[in-house]
Each structure stands twice: as C-alpha cells, then as structure tokens.
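Here is the structure we will look at.
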Amino acid sequence: MYVAVKGGEKAIDSAHRLLAEERRGDPAVPEIGTEQIDAQLGRAVDRVMTEGALYDRKLAALAIKQAAGDLIEAIFLIRAYRTTLPRFGYSEPMDVQRMRARRRISATFKDLPGGQVLGPTFDYTHRLLDFALEAEGEVRDAAQPGSGADVVELSDAMPRVLEQLAREGLIEDAMPPEDDDDAEVGDITRTPREFPAGRDVRLQSLARGDEGFLLALGYSTQRGYGRTHPFAGEIRIGEVIVEFIPEELGFAIELGDITITECEMINQFQGSASKKPTFTRGYGLGFGQVERKTMSMALVDRSLRADELGEARDAPAQDEEFVLSHADNIEATGFVEHLKLPHYVDFQSELELVRKMRAEHDARTAVQEPEAAE
Amino acid sequence: MSAQPGGYNFAYLDEQTKRMIRRAILKAVAVPGYQVPFASREMPMPYGWGTGGVQVTAAIITRTDVLKVIDQGSDDTTNAVSIRKFFAKTADVATTERTTDASIIQTRHRIPETPLRRDQIIVYQVPIPEPLRFLEPRETETRRMHALEEYGLMHVKLYEDIARHGHIATTYAYPVKVNGRYVTDPSPTPKFDNPKMDNCPALQLFGAGREKRIYAIPPYTEVKSLDFEDHPFEVQTWEESCALCGAGDTFLDEVITDDRGGRMFVCSDSDFCSQRRSAGHTGVQSPEAAE
Amino acid sequence: MSLFCYAEPLLSAEGITKTFGRITGCADVNLDLYAGEVLGIVGESGSGKSTLLRCLSAAVTPDAGTVSYTLRQGGTKDVHAMGDAERRMLMRTDWAFVHQNPRDGLRMHVSAGGNVGERLMAVGERHYGDIRGCAGEWLAKVEIAENRIDDLPVTFSGGMQQRLQIARNLVTHPRLAFMDEPTGGLDVSVQARLLDLLRGLVSDLGLAAIVVTHDLAVARHLSHRLMVMKQGRVVETGLTDQVLDDPQHPYSQLLVSSILRA
C-alpha cells in the first residue's frame, strides 16, 4: 500500500551529520588546522578572498576547511558572511605606487627602475612532482631565507611602467577625462546590474568573477576571438596600505595593509593619420597572490572596451552582457546545481504533452496505413 | 531592531535591505507584471534555490504572521523544509502546513488547490523572470520590447508550436498578460495553475534572487494566458483521480510503484489531499498497473 | 515634375544632411514622394544613396534637415521627432523595408508562415487559422509554393528568401516601401523574375516606394522617377526614361554610357 512519503526533515538532518563525518575523514589522521591552511595552502585562501570579495585570511581558511576544499563552496560561505557585515563606507583609492612589492615584473622592458623581481613564483619551476614533500617535516633542499651570500635589498623606488609611458603620451591615461567627474562610481553590491554597464561596474564584476571563466575568455582573445595584442606591462604583488577617512575626523587614517596582485596590460595601439597613436590599457586586480586571475581579468577588461574604443564586437569576450551575466560563480553554481531540486511537477506537465502528441502521431499513422505492417 | 539567536536581525536581513526590498515591492504592485530591478543580497542558500522568494518573504514577514512553505505542492520536500527551518530560526514565526491557516505562503512551482483569501500573500520563487528570455537573450532588447508593448515575437513562438506540433508546446511557466499590459512569467508553475492567478483575492509577489527582479500582481487583477482564438488556452486533465483521496480536479503527481510499469497518481498538494482524507474522502489505493 | 500630384506628398524631405566625421554621407537633399509613385535613387558606391535611404526611413538620424510623413489618418509628422513607440508602429504597419540581404529582414529560424504572420500578430491578430491562411495567400502572391509554409528560410534559395522578405513586409498593406538593392546578390534570371513581381505588386497595391540601386536596369524597370547622386549630392532628377535616355548632367551621362558600353 502506498503511503505518502514524509520525513524530508529527518533526511536533511542525517545528511548534515554524514557530511560532517566525511569532512573530518579518518579520525586517525590529524585534523587540519585553519592556520595550516592559511600558511601552507595560501593560493587557495587568496582565491577564496578574491572571489568571495572579502579580505580576511582566517575566515577564508575556515571556509575552505568547512567546505572540505571545495573552493566555490568556500567562496559562497564568504559571500554569505559578507552580506551580514556592517558597512562603514568606501576606503580611499589604494596608492599602488607605494606598494612594498615582493614580486614585480614587466615583459615590455628588459630592465627598469626597481628592477625585475621574480619573487616567489611557480614560473620557471619544472613541473615535476616533488616526492620529498610527501614526507612531513622540513624539505631537505630548500635554501634558508637570508642565508645565502646574495641577499639584495629591494629598491623602494619602483615607478609604475605605464605611468612612464603615459607621461610621454604613448599610452592612454588611466583616469577618464576631467569632464566625466560628475559620474559616480557604481557599486554592484548596492545596485542591480544594468546594461550597458560602465567600466567601473565591469571591473568590479570581473574582480569577483570566476577565475576559470575569465581564464578561458582571456585565452580566447589570444587565439583570435577578439584580438587585443596584449603585452604584460607590469605585474606587481605586495602589500599596500588601506586608508579610510572617518566623517568625524575629516582626515585619512590607516586601517592596515593588504596583499594585492595588480596586472596592467599594454594593448593594441589606436590612432590614425589624423590622431596620434597611443597604446591602450587593460587592468586586473585581486587579493593575495592571484596572478593568473589578474592577467585574465586584464585581457577581458580590455576586450570589453570594444565599443568605447570603436572596435567591432563579434567575439564572446567582447560581449558585455554575456561576460558579466555569467562571470559570478556563485550565481552560476546556484543555478546549475538547482537542477537537483525536485522538478517533477513541471516534468509531469511535459510528460502529459509528449504522451498526447505520441498518441496523436500513432492515430495519424494508423489512418494513413490501415494495413499495419506485420 | 532586536537581536535574534546568533546575532542576526529579525528574518536575517538588516532593516536597510528590507526597506530597499519593500520599495521595490511597492513599485511592483503599482505596475502589475512589470519586473522591478533590486539589489539582491547573497543569502545563506544558493542562487537558484529560492533566494528571491526568501528575500521577499523576509522583507514582509512580521512576528504575528503564520508561514507555509511548499515546493512542488508539498510541505515536506527537502527545499521547503530547509526554507521553513530558516524562517523558524531567524524569525521565530509560527509555521503551518495548512493553507487555510497561513498568512504568507512561499511556494516553488505550484499554487495551492485551496482558494486563497484577501488576507493572504503568496510569494513565488522565480528562476527566470523574463518571459521573452528564450526568444531574445539580450536584456537591452527585452526591456525595450516591454516598454513598447511589442509582444509579437511571443505570439510567433506560439504560432510555431502549433505549426510544428499541433499544440502550444509550453506546459509550465506559461506566459500571461497582466492587467492587459505586461506579459509576465508566472514562474514554473504548471499551466494547470494559471487560472488561479486570474482575479485572485490574495496579493501575489514574485522574487527572482539571481536575476535580481521583483514583480507583483495586486489582488483582483486580470491575468490572461496567451493563446489564439482558435487554439484557446487549456489546462491539463487526467483520466485518473487521486489514489488517496479520490479528487478528480487537482494536479496529480505520478508515482512509479514497481519496475513493471506500475504507477499511481496522487494529489501534488499534500495539504489539500490530507484535508480531504480527514473529511472522509478515499481513493483507490492499490498500485495496479495503469493503462 | 511628378506624375502623381495629389494634394500633398506622402513623404517629404528637406535639407537632409548626414556626415561621418570628415566624410559626407549626403548633403542637402530634398525630395517629395507621392502616393503610388516609385522613386529610384541611383549612383555608384559611395554616392550617398544608402545613407539617404537610412535617413529617410529613420534608421539613422540626419545631422540636419527634416523628413515628414503623411499619416494614414491624416496630418503630417516629423519622422525623427516621433516617439519610439509611434515610429516602431509605423515601421510595422505603414512602412516596408526590403534589405539587400534577405537575412537582415527575416527571422531565419522561424518558419515562412511565422515570418509572414509576425506583423499580423504584432498588431493584434489572434486567430491562428486566419493568420496562417493570410500567410499562405501572400506566399502564393510572391510565387512561393504554399507547401513551404512551415519550412525555415535557411532552406530557401536566395531568390526565395528575398521574395519571402517582400511578403513579410507587405502583409500589413503598407503605403510606403524602402528598398535597398532589392535584387543585389541574385543572379540575372532570378533578378528579372523578382523585378516583374515587384512591379506587379507595387502597381496592384498602389505602393509608393524609394528604391536605391546601382543597377540602372533595375531603376528603369521599377521607377517612375529617378534621382542621380554623386558624392552625397543630387545632380539630376526627372522622369526615369528622360534621365536614362537623355541625361543632362555630365555625371549622369557617364553613368548611362558606362552601362551601355558594358
């Protein structure tokens, strides 16, 4: 005898318990600590902060632990938490010029003031699994920091490459012309997205956009889907001070510093016989060390400026509505995964129609061929 | 502003956000069927899982409300349970499974069979608020079409269906014209439920969190399903009745009972069915092979 | 001097000027078009004829000048000063625009019947049978087999697509048609058939039309009057036969003679 199924609540509770057990895994294995995640899985923490749009290493590490390493799930936790935080206002624009850079490279000049500083990068490593890392404890061959003979002080003076070019008029200005002053900077966390979107809204959306999505789009521009002739003008990673002007004080105070990655691309020059040619820009920014993300972001940023720069728009990376509507992985995963929710009522409606149409089809063919095939 | 357990505001959203959502709701009620953009917040459940409906409910719910949450017509489906628990926790409001006792009903994909009253509000969860979306993917273009009341493309789609299949092929999320002006998506309710929207005494609110739109149909508003004069709108019918309560005029869920093609049909609206059974109605219960 | 001097022109343009940076699209063009007459605009590529057509049909706003249209219910309106809604309604009912490439004027993935029926549905027609019947009639009028009514335009030949585009435009009995190289891209025998069809329809429906073409044979076949353009300006106007058989302006002479030589 059929009894209507009940017990959804019990099922959910049991599922939660099972999840907690699986997350912990084998109790004989030491539990992972959030400090370990922050310190030793730092690139995961950086991605979660950047796409979660919240700078807090401890919270990001906790989210990663709670999500059992599922980074998009961790980003979701951070975003949901962010919603509950009170806002004080907007910080002052960061002065990236004053960055304490630990890594700074430029592909466009062999050498430059402040030098090319490789910093801690995977670039130039040979991608060979290092089985020595399997064993816990100190790695045998690692050079101790500061122990070698060649310790070089990093220069404080690292003028931005694109600023040099701009001063010579070779590249467009970073800031829009003065008469655009009255335009307020948009805030995607306060107003819903509308198209056409300004560059401010686009950059905000890209900054928290999914790294994989932007990587693929950036890659597509290099392969001919909207070519922008990019050069890596400058990539910097380091600490920058965050300043805020409280209303009551009327002057700026330092809140602390954060690690950021900034990528400035130098792109296809524009100009003609009548207008002096200048290079154009693409910009990428993120929390922590997120080089791949900021480079992809800069490529896509430049592509999305097609209308502004009078370029033909025919590639996916140039389609603003397409890119911005699908860049947020929290929106994307929510909707893709929502297909797991019950849809049996709608399916029932479709079933009914398909059965009806099939019956009509049979009736029609029966009429047409009264002598049925054997 | 009172603190709830866990330090969250009543019904989770802060007052500023609630005010913003209420303003959007008022605009929506003033222009029936028109999609009002709003700054949707990230909620503790994923986009696509009811955040729009939850935000609308959170913005309108008060301590004295009685909340019912259903999904596919049932109070006991996992997501309905999850959302009901969310409000029980963050708003500490009374909840119910009985449609007649509820003041706010949040729903996914069904309208209750029990007729609604003037003192009730029904909140629909909406995945894609734009009825023209699959005909025209660009938001800039669909906005213009709504503004200029250019709905020819919608009827072209219905024409194509009839030309190709002999029927209009839309069975759920069936487009309607609200108050004689805006073409609106009723949310993925089966077309069976469309007539309930017409001249409904309750306030109907629609929330799309991921797409960031709110729309509304005020009480006693005309809601007409799009059709052709010679291919009029029709609701689904079943040969069978509910196997548990015998109802012959409700939306029925098909339940597969064995691997030999056996199946039976039961009311999708779990509350309606259980009320009928309490009143003594019965149906054929044994899972015979149908057909 | 027009053959069709009714009380007032159907479409009247004064001082139409459109430039693109330093390039002149068209400069200071005037014309009057009367109900039922066909005006051909000829010139080589770059003469400004397409720009002029786009200014007249409100696809583009001129830098100077006005375009006035006499409405069905009486009274004239400045076509560019009209509200969006009114203009789009006009384009769907009273006007027709035949694009050179039929793909620009058709929904390629909607059936032939749907393409022709769309305008009817856009103005409120709600009877499927009637819409389909009307679409079928129009397909017949443009010599497309009625059993193709459910086929997609992607399956049609170029000539058929063009004829479908014409049917789609004429179903609401417009009074004015804009045509941009309506036979461009079609081979010669198909062109001839299309021209005959167009001529017949225009005369049966009493349609006024502005036809832009670089092909003088098309102009002669379709238009009552001709306007010759060169570098954005009108250099000669007159009755078609007069302009083609006895051109006055040196440029017109050049145009006509180069055709004869070829």
Side-chain angles (χ1 to χ4, degrees), chain A residues 1-12 15 53 73 76-84 86-87 187-196 319 321-322 325 328 330-354 356-357 360-361, chain B residues 7-8 12 14 37-44 46-49 51 71-73 76-82 85 108-110 127 137-140 165-167 169 171-173 188-192 210 212-213 236 238 243-244 251-255 257 264 266 268 270 273-274 285-287:
Chain A
M1 185 178 101
Y2 175 77
V3 177
V5 173
K6 281 197 87 68
E9 190 152 349
K10 268 181 67 183
I12 291 183
E73 185 62 37
F76 187 9
L77 286 167
I78 294 296
R79 289 273 195 92
Y81 187 77
R82 186 190 194 283
T83 303
T84 65
R87 283 165 71 102
D187 185 341
I188 61 173
T189 65
R190 282 290 166 271
T191 35
R193 218 164 31 216
E194 275 192 13
F195 299 107
D319 186 336
E321 247 194 81
F322 180 77
S325 301
D328 188 311
I330 301 306
E331 289 177 21
T333 195
F335 203 44
V336 167
E337 294 193 68
H338 108 286
L339 292 173
K340 295 182 279 191
L341 289 180
H343 283 77
Y344 53 80
V345 163
D346 293 338
F347 185 66
Q348 182 67 55
S349 309
E350 296 276 87
L351 258 184
E352 194 250 348
L353 178 65
V354 170
K356 183 153 77 169
M357 282 171 23
E360 285 168 358
H361 188 267
Chain B
Y8 292 109
Y12 183 78
D14 58 275
F38 81 109
S40 178
R41 295 280 182 263
E42 257 107 19
M43 302 293 284
Y47 282 123
W49 295 53
T51 57
D71 183 344
Q72 313 295 294
D76 197 49
T77 37
T78 43
N79 210 38
V81 168
S82 174
K85 272 174 88 159
R108 177 169 172 269
H109 294 193
R110 284 263 17 240
R138 293 166 299 167
E139 170 75 10
T140 41
H165 304 294
H167 302 273
T171 59
Y172 58 89
T189 45
K191 63 177 186 167
F192 181 87
R210 189 183 44 85
K212 308 182 191 358
R213 298 283 185 274
Q236 296 124 315
W238 283 258
L244 300 180
F251 191 95
L252 300 178
D253 289 337
E254 184 169 332
V255 180
T257 50
M264 59 191 263
V266 284
S268 143
S270 53
C273 192
S274 92
Q285 274 188 11
S286 49

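Quick note on labels: first sequence line is chain A, next is B, and so on, each numbered from 1.
- Of the listed residues B:Lys191, B:Arg213, B:His165, the one with more heavy-atom pairs under 4.5 angstrom with chain A than any other is B:His165.
- Contacts between B:Lys85 and chain A at a heavy-atom distance below 4.5 Å involve the side chain alone, from C-beta outward.
- Note that OG of A:Ser349 is 4.0 Å distant from CD of B:Gln236, once rounded to the nearest 0.5 Å.
- If you measure heavy-atom distances from A:Leu339 to chain B, you find no contacts under 4.5 Å at all.
- Put simply, the side chain of A:Gln348 gets close to the backbone of B:Glu254: a donor and an acceptor are under 3.5 Å apart.
- With a threshold of 4.5 angstrom between heavy atoms, A:Phe335 approaches chain B through its backbone and through its side chain.
- A:Glu352 and B:Thr171 are not linked by any side-chain donor-acceptor pair at a separation below 3.5 angstrom, with hydrogens and angles left out of the test.
- Heavy-atom distances place no part of B:Ser270 under 4.5 Å from chain A, backbone and side chain included.
- Interface residue B:Ala169: backbone and side-chain heavy atoms are both found under 4.5 Å from chain A.
- Panel note: side chain A:Arg79, backbone B:Met43; no donor-acceptor pair is recorded below 3.5 Å.
- A distance of 8.0 Å separates CG of A:Leu341 from NE2 of B:His109, quoted to the nearest 0.5 Å.
- Between atom CZ of residue B:Arg41 and atom OG1 of residue A:Thr84 there is a gap of 11.5 Å, rounded to the nearest 0.5 Å.
- Proximity of A:Thr333 to B:Tyr47: side-chain heavy atoms (C-beta onward) are nowhere separated by under 4.5 Å.
- Highest contact tally toward chain B, considering only A:Ala80, A:Ala332, A:Pro192, A:Ala11, is held by A:Pro192 [criterion: heavy-atom pairs under 4.5 Å].
- Between chain B and the residues A:Lys356, A:Arg193, A:Lys340, the largest count of heavy-atom pairs under 4.5 Å involves A:Lys356.
- Looking at B:Phe192, there are no atoms closer than 4.5 Å to chain A (heavy atoms on both sides), in backbone or side chain.
- A distance-only check finds a donor-acceptor pair linking the side chain of A:Glu321 to the backbone of B:Glu139 [under 3.5 Å].
- In this structure, B:Pro46 and A:Gly334 approach most closely via the heavy-atom pair CB-CA, 3.9 Å.
- Both the backbone and the side chain of B:Thr140 come within less than 4.5 Å of a heavy atom in chain A.
- Taking the side chain as every heavy atom from C-beta outward, B:Pro44 and A:Phe76 never approach each other to under 4.5 Å.
- Using a 4.5 Å cut-off between heavy atoms, A:Ser325 makes no contact with chain B at all.
- Heavy-atom contacts from other residues, nucleotides or ligands closer than 6.0 Å to OH of A:Tyr344 number more than 12.
- Contact between A:Asp346 and B:Thr189 at its shortest, heavy atoms only, is OD1-C, 4.2 Å.
- How far CD1 of A:Ile78 is from CD of B:Glu42: 11.5 Å, rounded to the nearest 0.5 Å.
- Contact annotation: the side chain of B:Pro37 approaches that of A:Glu194 to within less than 4.5 Å [non-hydrogen atoms, C-beta and beyond].
- Taking both residues in full, the closest heavy atoms of A:Val345 and B:Ser268 are given as CG2-OG, 4.0 Å, listed atom of the first, atom of the second, then distance.
- Rounded to the nearest 0.5 Å, atoms OG1 (B:Thr51) and CD (A:Glu331) are 9.0 Å apart.
- Taking CG from B:Asp71 and NE2 from A:His343, the interatomic distance works out to 8.5 Å, rounded to the nearest 0.5 Å.
- Within 6.0 Å of the NE2 atom in A:His361, the count of heavy atoms belonging to other residues, nucleotides or ligands does not exceed 12.
- Interface remark: B:Thr77 contributes side-chain atoms only to the contact with chain A (heavy atom separation under 4.5 Å).
- B:Arg108 places a side-chain N or O within donor-acceptor distance of the main-chain N or O of A:Pro342, the cut-off being under 3.5 Å.
- One side chain, B:His167 or A:Glu360, offers a donor N or O that lies under 3.5 Å from an acceptor on the other.
- Looking only at heavy-atom pairs under 4.5 Å with chain B, the residue among A:Asp328, A:Ile330, A:Leu351, A:Val336 that has the most is A:Ile330.
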